Amino acid sequence: MSKVCTVVHWFRLDLRLHDNYAFRNALNEAENRQYLLRPIYLVDDDITRKIGVNRLRFLIQSLQDLNSNLKKLNSRLFVLRGKATEVFPKLFDDWQVKYLTMQVDIDPVLVEQDEVIEKLAEEKDVFIVRRVQHTLYDVHSILKKNNGSVPLTYQKFLSLVSNIQIKDSIEITKKVPDQCNPVDIASNEYNVPTLNELGIEENSLGVCKYPGGETEALKRLNIYMAKKQWVCTFEKPKTSPNSIEPSTTVLSPYLSHGCLSSKHFYLKLKSIENEMSHSQPPVSLLGQLMWREFYYMAGAGTENFDKMVGNPVCTQIPWGKNDEHLKAWAEGRTGYPFVDAIMRQLKEEGWIHHLARHMVACFLTRGDLWISWEEGAKIFEDFLLDYDWALNAGNWMWLSASAFFYKYFRVYSPVAFGKKTDKEGLYIRKYVPELKKYPTEFIYEPWKAPKTIQITAGCIIGEDYPYRLVDHDKIHKENIKKMSAAYKVNKEKKSLKRKLK
DNA sequence: ACCCTAGTTGTCTAG
DNA sequence: ACTAGACAACTAGGG
């Protein structure tokens, strides 16, 4: 007896049912051809080495939510363990797969993997459908529109996409017919793994401020979209990096995992903006989505986008190496309370405000520690719930003045910057509790506090809280000179290249 | 080739 | 609370 054929939808960074064209495609195909439908997710065996614990928790929660939403459609999520390139050849045979749907991704590791999968599928006669649904625009067609070169300014990017229409978002409500479900539909073999099963002590993790999942994403989106006045007056630079509760939406982790469709978000914003006057890109909420598109396009069109060497858009800067300083930065013990508070919030909660990212990124690179942005990007990859390959590399290059942004002499002060929105240092007191009792006068510069005050506040600088690693006022000026020299060399190289042509 | 303009979000001081 | 200028002078894109 020949087995019934199967349609597989491979969930990756599209952990949702709304606005998921690729999944709808699979569902329709299974129904029309009377094939079996298996929505799958692959968990790599070394996942715990690749993803930080907070993000792993977010992912597992997202998978659980996806599974329960699929169950409402009379289906389920089939979670499989192993590497895609090893799992698929077996699946193709075992399940008689005829049709595989998935979304298009940009991360070169995934792109490379997809090429292998595509080849394997071809050999086994599996038809693959890939849909652009993680971004608003098909980045490759934008690049083509710009004669194959990457626009290096946001405004240029906006002009390229200005007349592209965004299609409607879709809702999937149709239930999967019983005959499309395989016999092992209820098997525990395919359950979403728990954190404990992955070797993570769940109660060793901090409070979960941002639970993963499509349900949570849409709930969060709707809360913010209900505040129409807030949406329409939103200007990113005017939001606070150090408020105790986030001053922005924190939808980014949901976008990066695909729990929220960027297109769904975009269309909501558009319909609100149609009703009243509103702020504009780059500072508006819609402008934030456009930044995401901008970096996706840059990432897709640039070789070695996540590295300095061999990256054509990245200025080559002779960064130093200092593992002690790097570690202190990552662990929130630079001796600059604002920087340390941010890094500790990042590690504990997995999310920090965009401007807080500016502060610590500038501090690590061109501002103070003179350490490569690649090192910072790796730490962010570990800690951020909203880690996103293209955005992470792009923003790190921006902040280190390696690409997209060039005014390297504008340096964030670890003392002055935070004071603008938090004079009392309430944010520092929360995340660096050893300084909780410091007088406001010294909360941003505790090393200036007289010994008697340090004793009264119960925190001796150099013992209970570190002495500052560097003297910002002095070192940032030296670093500006180094940047200037690096730019000069870069310029000479460029003009030499032009002459050679 | 050259010049001009604009660029998501700096800091500090003086008024 | 705000605005303007000094600081020292960046690059990409467009004309």
Side-chain angles (χ1 to χ4, degrees), chain A residues 145-147 149-160 162 233-243 247-248 252 278-295 297-298 301-302 312-317 336 338-339 342 352-363 365-368 391 394-423 444-445 471-495 497-499 501:
Chain A
K145 222 173 160 181
N146 200 42
N147 303 317
S149 72
V150 175
L152 294 172
T153 65
Y154 181 78
Q155 298 303 334
K156 175 72 183 167
F157 171 77
L158 282 189
S159 76
L160 284 170
S162 63
T233 53
F234 184 93
E235 289 181 42
K236 187 65 162 276
K238 290 188 179 161
T239 58
S240 166
N242 47 4
S243 51
S247 61
T248 50
S252 52
H278 53 84
S279 51
Q280 295 289 335
V283 296
S284 64
L285 264 181
L286 204 121
Q288 307 309 302
L289 271 179
M290 290 303 171
W291 278 105
R292 181 173 179 272
E293 298 293 315
F294 172 70
Y295 285 126
M297 175 217 53
T302 310
V313 305
C314 184
T315 303
Q316 306 296 301
I317 296 164
Y336 280 96
F338 186 42
V339 173
I342 294 167
I352 50 177
H353 186 276
H354 187 62
L355 290 177
R357 300 180 197 203
H358 277 215
M359 178 69 247
V360 295
C362 181
F363 187 88
T365 57
R366 66 188 167 87
D368 296 81
L391 275 65
N395 277 310
W396 271 99
M397 280 190 270
W398 181 292
L399 261 304
S400 58
S402 301
F404 312 117
F405 173 83
Y406 310 95
K407 293 181 204 172
Y408 55 77
F409 38 84
R410 288 191 177 175
V411 178
Y412 290 89
S413 157
V415 172
F417 187 61
K419 283 186 185 171
K420 284 195 285 188
T421 41
D422 180 22
K423 260 203 174 65
Y444 282 89
E445 302 170 277
D471 179 346
H472 173 78
D473 288 339
K474 250 196 236 163
I475 206 146
H476 93 273
K477 283 181 185 152
E478 291 168 24
N479 288 346
I480 287 175
K481 284 190 188 131
K482 288 197 216 166
M483 286 299 290
S484 170
Y487 268 52
K488 213 176 146 195
V489 172
N490 192 59
K491 218 175 181 176
E492 282 163 7
K493 265 194 210 157
K494 267 191 183 169
S495 75
K497 239 185 199 169
R498 258 201 306 275
K499 274 180 201 159
K501 273 181 192 171

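Being a predicted model, the structure only gives us computed values, none of them experimental. Reminder, nothing fancy here: chain letters follow the sequence lines and each chain counts from 1.
Annotation: the span from Glu478(A) atom CD to Asp368(A) atom CG amounts to 11.0 Å, rounded to 0.5 Å. Expressed to the nearest 0.5 Å, how far NE2 of His354(A) lies from NZ of Lys236(A) amounts to 5.0 Å.
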Secondary-structure string, 5' to 3', Watson-Crick or G-U under 3.5 Å, | for another-strand partners, for DNA chain C: .||||||..||||||

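Rounded to whole Å, the distance from CG on Asn479(A) to C1' on dG10(B) is 15 Å. A straight line from CZ of Arg410(A) to P of dC12(B) spans 14 Å, rounded to a whole angstrom. Atom P of nucleotide dG7(B) and atom CD of Gln280(A) are separated by 13 Å, given to the nearest angstrom. Note: OH (Tyr412(A)) to P (dT9(B)) measures 7 Å, nearest angstrom. Taking atom CG on Leu289(A) and atom P on dT8(B), their separation rounds to 17 Å, with Å as the unit. At whole-Å resolution of the value, CD in Glu235(A) and C1' in dT9(B) are 11 Å apart. Atoms CZ (Phe409(A)) and C1' (dG10(B)) sit 10 Å apart, rounded to a whole Å. For Gln288(A) and dT9(B), the CD to C1' distance is 10 Å, given to the nearest whole Å.
The salt bridge (charged side-chain N to carboxylate O under 4.0 Å, His left out) test applied to Asp471(A) returns Arg468(A), not counting sequence neighbours. Contacts of Asn242(A) classified as side-chain hydrogen bond (donor to acceptor under 3.5 Å, both in side chains), with partners at least two apart in sequence or in another chain: Ser240(A), Thr421(A). Checked against salt bridge (charged side-chain N to carboxylate O under 4.0 Å, His left out), Lys238(A) has the following partners two or more places apart in sequence or in another chain: Glu235(A). For Phe338(A), there are no ring pair (Phe, Tyr, Trp, His ring centres under 6.0 Å) partners two or more places apart in sequence or in a different chain. The salt bridge (charged side-chain N to carboxylate O under 4.0 Å, His left out) test applied to Arg292(A) returns no partner, not counting sequence neighbours. With sequence neighbours excluded, the residues that form a side-chain hydrogen bond (donor to acceptor under 3.5 Å, both in side chains) with Thr239(A) are His353(A).
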Which atom pairs, donor and acceptor, lie under 3.5 Å between side-chain atoms of residues 402-412 of chain A and protein residues at least two apart or in another chain?
residue	atom	partner	partner atom	Å
Ser402(A)	OG	Ser400(A)	OG	2.8
Tyr406(A)	OH	Phe404(A)	N	3.1
Tyr412(A)	OH	His358(A)	ND1	2.8

Enumerate, atom names and distances included, each donor-acceptor pair closer than 3.5 Å involving a side-chain atom of residues 481-488 of chain A, sequence neighbours excluded.
residue	atom	partner	partner atom	Å
Tyr487(A)	OH	Ala401(A)	O	2.7

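At least one side-chain heavy atom of Arg357(A) sits under 4.5 Å from a side-chain heavy atom of Ile352(A). The closest side-chain heavy-atom distance from Asp422(A) to Tyr444(A) is below 4.5 Å. Using a 4.5 Å heavy-atom threshold, the side chains of Pro151(A) and Met297(A) count as touching.
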Write out a two-atom table: protein N or O, nucleotide N or O from nucleotides 13-15 of chain B, distance below 3.5 Å.
none

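Checking dT8(B), dC12(B), dT9(B) against the side-chain heavy atoms of Val283(A) singles out dT8(B) as nearest. The listed nucleotides are dT11(B), dT8(B), dT9(B); the one nearest the side chain of Leu355(A) is dT9(B).
No contact: Phe404(A) has no heavy atom under 4.0 Å from any strand. Counting any heavy atom pair closer than 4.0 Å across all strands shown, Lys156(A) reaches sugar-phosphate atoms only and no base atom. Within the nucleic acid shown, Pro241(A) has no heavy atom closer than 4.0 Å to any nucleic acid atom.
Of the residues in residues 486-495 of chain A, none lies under 4.0 Å from DNA chain B by heavy-atom distance.
Nucleotides dA1(B) and dG14(C) are separated by 14 Å at their C1' atoms, to the nearest Å. Taking atom P on both dG13(C) and dA9(C), the two are 23 Å apart, rounded to the nearest angstrom.
Of the residues near DNA chain B, Ala416(A) and Trp398(A), the one whose nearest nucleotide (by heavy atom distance) lies more toward the 5' end is Trp398(A). Taking the nucleotide of DNA chain B with the nearest heavy atom to each of Lys407(A) and Met359(A), the more 5' of the two is matched to Lys407(A).
Mapping heavy-atom proximity under 4.0 Å, the span of DNA chain C touched by chain A runs 5' to 3' from dC10(C) to dG14(C).
Annotation: Lys423(A), atom NZ; neighbour count of heavy atoms from other residues, nucleotides and ligands within 6.0 Å does not exceed 12.
Taking the six-membered ring where the residue is Trp, Trp291(A) and Phe294(A) present perpendicular rings, their angle passing 60° and hence far from 30°.
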